[in-house]
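Presented below is the structure to which this report refers.
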2 protein chains.
Amino acid sequence: MKIGEVAKAAQCSVETIRYYEREGLLPLAARTASNYRAYGTEHLDRLRFIRNCRALDMTHGEIRLLLDTMAEAAPSCGGIDQVIDAHIDHVVLRISELQQLKTQLLALRQRCQRDSTLDQCGILQGLAEMDEDARSVVRHTHLG
Amino acid sequence: MKIGEVAKAAQCSVETIRYYEREGLLPLAARTASNYRAYGTEHLDRLRFIRNCRALDMTHGEIRLLLDTMAEAAPSCGGIDQVIDAHIDHVVLRISELQQLKTQLLALRQRCQRDSTLDQCGILQGLAEMDEDARSVVRHTHLG
DNA sequence: CTTGACCCTACAGTCACTTCAGGGTGTGTA
DNA sequence: TACACACCCTGAAGTGACTGTAGGGTCAAG
C-alpha cells in the first residue's frame with residue numbers, strides 16, 4: 001500500500017503518518033524504486049491501534065508504553081492495565097475540573113444584565129476580582 | 001513595581017509576563033535607568049484580569065476579544081456576554097466528550113482479566129478493533 | 001569585593017500535529 | 001507526445017500557551 005491508501009484506511013492524514021514515523025511510533029517503511037513508502041497490513045494494524053489510542057486522548061508517551069509492553073519477551077496484562085487505569089484517572093480528574101469551571105462561568109454569566117454599560121458589567125467585575133479559590137481550578141492532566 | 005513583584009502579586013511566573021508582553025496582551029512597560037521593566041497598578045489589574053480569564057481556560061483570542069471590547073469608545077455588555085456564552089459552550093461540549101471517553105475507557109478496562117497473557121488481553125484487542133462510532137469522540141473545542 | 005537574588009535578551013523545547021515551499025512520479029487524455 | 005492532475009518526497013516553519021536555558025547585567029548586604 002502507498003501512504004495515501006493507508007491514511008484513508010486509518011482515517012488520518014498522510015502528514016500524520018510521516019510524523020508518526022519520525023517520532024518512532026511507526027517503523028520505517030520499505031521504499032519502492034521511486035522512493036515511495038510501501039506499507040503492509042502490519043503497518044496498518046499498528047497505525048489503527050495508535051489512532052484508536054489517540055481517539056481515547058492518550059498521549060504518545062502512553063501509547064509508547066502500550067506498544068513497548070506488547071513487544072516485551074514475556075509480557076503480562078498488568079502493565080497494560082496500569083496505563084489504562086492511569087489514563088482513566090486523567091479523564092475523571094479533567095471532567096471534575098471542567099465541571100468546576102462551568103459552575104464558575106455560569107455564576108459569572110448570571111452577573112450580567114444585558115444592555116447595562118461596561119462599567120456596571122458584573123462579568124468584567126467578576127473577572128477583575130476573582131479570588132484564589134476560584135483561580136485554583138486549573139489543569140492537572142495532559143487533557144485539555 | 002518590578003516584574004518579580006508583579007508576578008508574585010498576580011501568581012504567575014516572570015516568564016509568563018514577558019510572554020504576554022511579546023504577545024501584546026500586556027502593553028510595553030516603562031523602563032528604569034538599568035532597563036528593568038517598571039509597572040504600575042493598571043498593569044497589575046490587567047494582568048490579574050488576564051490570569052483570571054486563563055484560569056477559566058479562555059484562549060488568548062477570547063481574552064483579546066474581551067480586552068478589545070472593554071477598550072471600545074461606547075461599548076455595551078453584549079459583546080462580553082457573547083464571549084462568555086461561547087466559552088461556556090466550549091466547556092459544556094468538552095465535558096460531554098470526556099464523559100463519552102470515560103465510558104469507553106471503563107468498558108475497555110472491564111475486558112481485562114489481570115494475569116492473562118497478552119494475546120488474550122481484551123484491552124489490546126479492543127484498541128486494535130475500535131470502530132468508527134467509538135473513534136468519533138474527538139476534541140471539537142480548544143479545551144483539552 | 002564577593003555572594004546571591006534579581007533583572008535582561010534571545011532562542012530552543014513542549015505536544016501532536018498542520019502547513020508550506022519546492023520539488024519528483026505516474027496515469028489518463030487530447 | 002504533451003500536458004494536466006493526483007499523488008508522492010523532504011525539510012522547515014507554524015500552532016498555543018507557555019517553560020526552560022544560555023549568557024549576560026544590576027543591586028544591596030555582609
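What you see below is based on every heavy atom in this structure, not just the backbone, and it leaves out hydrogens, waters and symmetry mates. Chain letters run A, B, ... following the sequence lines, proteins first, then strands; residues in each count from 1. Here the structure is a predicted model, which is why all the values come from computation and not from measurement.
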So, does [X] get its side chain near the phosphate of [N], meaning an N or O under 4.0 Å from OP1 or OP2?
| X | N | value |
| --- | --- | --- |
| B:T16 | D:dT19 | yes |
| B:H60 | D:dC18 | yes |
| A:S34 | C:dG24 | no |
| B:Y20 | D:dC18 | yes |
| A:S13 | C:dT18 | yes |

Do B:K102 and B:L98 have side chains that get closer than 4.5 Å, going by heavy atoms? no
Does some side-chain heavy atom of B:L66 sit less than 4.5 Å from a side-chain heavy atom of B:M58? yes
What is the distance, rounded to the nearest whole Å, between atom [atom1] of [X] and atom [atom2] of [N]?
| X | N | atom1 | atom2 | value |
| --- | --- | --- | --- | --- |
| B:Y19 | D:dG20 | OH | P | 15 Å |
| A:E5 | D:dA6 | CD | C1' | 13 Å |
| A:M1 | D:dC7 | CE | C1' | 17 Å |
| B:L25 | D:dG16 | CG | P | 12 Å |
| B:I17 | C:dC6 | CD1 | P | 14 Å |
| B:K8 | C:dA5 | NZ | C1' | 10 Å |
| A:E15 | C:dC20 | CD | C1' | 10 Å |
| B:K2 | C:dA5 | NZ | P | 14 Å |

Shortest non-hydrogen pair, A:T16 vs A:R51, comes out as CG2-NH1, 3.7 Å
Once the angle between the rings of B:H60 and B:Y19 is folded into 0 to 90°, is it parallel (under 30°), tilted (30 to 60°) or perpendicular (over 60°)? tilted
From B:I63 CD1 over to B:Y20 OH, what is the distance, rounded to the nearest 0.5 angstrom? 6.5 Å
Any chance you could measure A:E42, atom CD, to A:R46, atom CZ, to the nearest 0.5 Å? 10.5 Å
Estimate the overall bend of the helix from C:dC1-D:dG30 to C:dA30-D:dT1 from the end axes over five pairs each, rounded to 10 degrees. 30°
If two hydrophobic side chains count as joined below 4.5 Å and joins carry through other members, does A:Y36 share a cluster with A:I17? no
Residue [X], side-chain atoms from C-beta onward, closest of [options]:
| X | options | result |
| --- | --- | --- |
| B:Y36 | D:dG25, D:dA17, C:dT18 | D:dG25 |
| A:R54 | D:dC8, C:dA16, D:dT19 | C:dA16 |
| A:T59 | C:dC6, C:dA16, D:dC8 | C:dA16 |

Using the rule given for side-chain contact (heavy atoms from CB on, under 4.5 Å), can you reason through A:R37 versus A:M1, listing the C-alpha separation, both sets of side-chain angles and the distance that settles it, and then say yes or no? CA-CA 8 Å; A:R37 287 171 181 81; A:M1 279 174 288; over 6 Å; no
Going through the distances and angles, do A:R94 and B:D57 end up as a salt bridge (charged side-chain N to carboxylate O under 4.0 Å, His left out)? CA-CA 12 Å; A:R94 185 59 181 153; B:D57 253 345; 2.5 Å; yes
Pairs under 3.5 angstrom, nitrogen or oxygen only, protein versus nucleotides 10-13 of chain D, please.
| residue | atom | partner | partner atom | Å |
| --- | --- | --- | --- | --- |
| D:dT10 | OP1 | A:R31 | NH1 | 3.4 |
| D:dT10 | OP1 | A:R31 | NH2 | 2.9 |
| D:dT10 | OP2 | A:R37 | NH1 | 3.0 |
| D:dT10 | OP2 | A:R37 | NH2 | 2.7 |

Could you walk me through whether B:E5 and B:K8 pass the salt bridge (charged side-chain N to carboxylate O under 4.0 Å, His left out) check? CA-CA 5 Å; B:E5 302 170 67; B:K8 201 165 284 181; over 6 Å; no
